[in-house]
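Read through the structure below, which is laid out as structure tokens, and then see the notes.
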There are 2 protein chains.
Amino acid sequence: MTTDDFNLDDFLPYQISMLSARMNGLLSATYVEGYNLSNSEWRVLVHVARREKMSVRDIHKCVNLEKPAVSRAVTRLENNGLLVKMTSEQDHRLVEIQLTDAGIDVLNDITPKALAFEKKLLQAFSAEDGALFYTLMERLHNQLDKDPNATPRKPRADGRPRCLPD
Amino acid sequence: MTTDDFNLDDFLPYQISMLSARMNGLLSATYVEGYNLSNSEWRVLVHVARREKMSVRDIHKCVNLEKPAVSRAVTRLENNGLLVKMTSEQDHRLVEIQLTDAGIDVLNDITPKALAFEKKLLQAFSAEDGALFYTLMERLHNQLDKDPNATPRKPRADGRPRCLPD
DNA sequence: TCTAATTCGTTTCACTTGCAACGAATACCA
DNA sequence: TGGTATTCGTTGCAAGTGAAACGAATTAGA
């Protein structure tokens with residue numbers, strides 16, 4: 001195997017990285033529109049919407065963000081009036097994060113746009129291909145799980161237990 | 001559409017972002033191993049291997065890196081003795097970048113590891129599924145191309161013309 | 001030929017990020 | 001109960017990134 005034969009463009013991790021960058025770059029335009037939200041802030045906002053009294057740790061556990069990133073995003077969002085932060089009564093280490101009405105408004109405005117963006121993307125696929133693509137991504141995740149050095153996958157945040165506060 | 005119905009985990013851009021992050025995070029371990037190369041530096045190194053007398057602009061045009069990122073990566077690689085930089089005779093603005101023997105050695109060591117990593121990932125797929133996955137990614141790229149705000153896709157760097165210095 | 005526009009690579013700046021360390025609060029356990 | 005460990009959120013720090021600006025070199029056009 002000589003070095004010359006290696007072609008970055010066909011290299012799977014690079015391809016996915018490129019696709020991700022393009023896609024998320026374009027998506028940013030959606031939620032930056034008017035509100036100037038960063039990617040991290042949007043993720044936090046979306047996740048906090050799931051439930052009242054979310055803690056920084058809850059968010060960190062579910063969304064793919066480091067603890068400091070969550071902390072800072074929350075601070076910025078609070079400064080912009082989109083959420084409020086109160087120290088928990090039961091455990092003074094914990095912070096209870098909650099959307100404000102303004103935060104809810106913003107989210108209600110942005111969410112449909114984000115979904116429309118996704119929908120437009122998915123027009124590239126037939127219904128079966130769309131499902132297949134998700135399946136294939138899932139297989140790659142499973143393959144990554146086999147490597148102990150891989151970043152562990154974040155649990156799902158939806159209805160099923162895995163991620164809601166214990 | 002209420003905000004609560006939105007599930008980040010099923011959101012295509014987020015999913016791809018997660019997959020990319022996990023995959024590239026794990027890959028980094030490969031080329032950091034012993035050489036302490038950053039992602040940018042590895043991309044530059046790989047690309048420079050394609051041809052002698054590569055310029056910063058050539059790299060920027062092909063690899064998905066901003067010009068300043070390329071410039072700095074090249075500087076670091078030069079300081080580490082993996083490539084040399086000479087101003088072009090014909091055009092004094094241009095820089096001619098070229099791997100050193102040390103650079104070639106490093107690349108010859110890392111490349112097979114990177115390919116092995118990719119191969120292991122692809123074990124998640126049957127041969128047909130692998131090809132299909134690439135096809136589906138291609139369709140997503142095409143869909144992104146339709147949006148004028150999307151970052152234009154970098155041309156391929158392989159034998160076929162698109163990317164080699166004009 | 002002489003000036004203006006363009007190109008190339010670098011630098012600067014503001015911003016984000018990941019990692020480690022820290023103080024405060026709580027849990028654990030002899 | 002008292003002392004150690006652990007957990008939580010924040011902060012500092014070093015490094016990386018994107019956008020704009022800049023100087024040097026070249027090209028284009030009057």
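Letters go in sequence order (proteins before strands), and every chain restarts at 1. Any value given below was found using the heavy atoms of this structure, including those in side chains, with hydrogens, waters and symmetry copies removed.
- In this structure, Asn36(A) places its CG atom 11 Å from P of dC15(C), rounding to the nearest Å.
- A side-chain donor-acceptor contact under 3.5 Å links Asp58(B) and Ser55(B).
- With rounding to whole Å, Asn39(A) atom CG is found 14 Å from dC15(C) atom C1'.
- Between Arg43(B) and Leu37(B), every side-chain heavy-atom pair lies at or beyond the 4.5 Å cut-off.
- Residues Arg22(B) and Ala150(A) approach most closely at NH2-CB, 4.2 Å, considering heavy atoms.
- Nearest heavy atoms, Glu96(A) versus Glu89(A): OE2-N, 4.5 Å.
- In this entry the distance linking CG of Asn24(B) with P of dT17(C) reads 17 Å, nearest Å.
- Separating the CD atom of Glu66(B) from the P atom of dC15(C) is a distance of 18 Å, rounded to the nearest angstrom.
- For Arg76(B), a side-chain nitrogen or oxygen approaches OP1 or OP2 of dG16(D) to under 4.0 Å.
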Atom pairs and distances, donor-acceptor, side-chain atoms in residues 62-76 of chain A, under 3.5 Å, two or more places apart:
{"from": "Thr75(A)", "atom 1": "OG1", "to": "Ser71(A)", "atom 2": "O", "distance (Å)": "2.9"}
{"from": "Arg76(A)", "atom 1": "NE", "to": "Glu41(A)", "atom 2": "OE2", "distance (Å)": "2.6"}

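- Distance NE2 (His92(B)) to C1' (dT7(C)): 15 Å, rounded to an integer number of Å.
- Residue Ile59(B) contributes atom CD1, which lies 14 Å from atom C1' of dT10(C) at whole-angstrom precision.
- The CG atom of Leu37(B) sits 15 Å away from the C1' atom of dA15(D) (whole-angstrom rounding).
- Contact check, Ser40(A) against dT17(C): a side-chain N or O comes under 4.0 Å of OP1 or OP2.
- Linking ILVMFWY side-chain heavy atoms closer than 4.5 Å, directly or via other members, places Leu121(B) and Leu8(A) in a single hydrophobic cluster.
- Side-chain contact between Leu132(B) and Phe133(A) is absent, with no heavy atoms from C-beta onward closer than 4.5 Å.
- In this structure, Glu89(A) and Ser38(A) both approach DNA chain C, and ranking their closest nucleotides by distance from the 5' end singles out Ser38(A).
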Requested in this report: For each nucleotide in nucleotides 6-14 of chain D, reading 5' to 3', give B when a protein heavy atom comes within less than 4.0 Å of its base, S when such contact involves only the sugar-phosphate, and - otherwise.
Outcome: -BSBSBBB-

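- Rounded to an integer number of Å, the gap from Glu41(B) CD to dG16(D) P is 7 Å.
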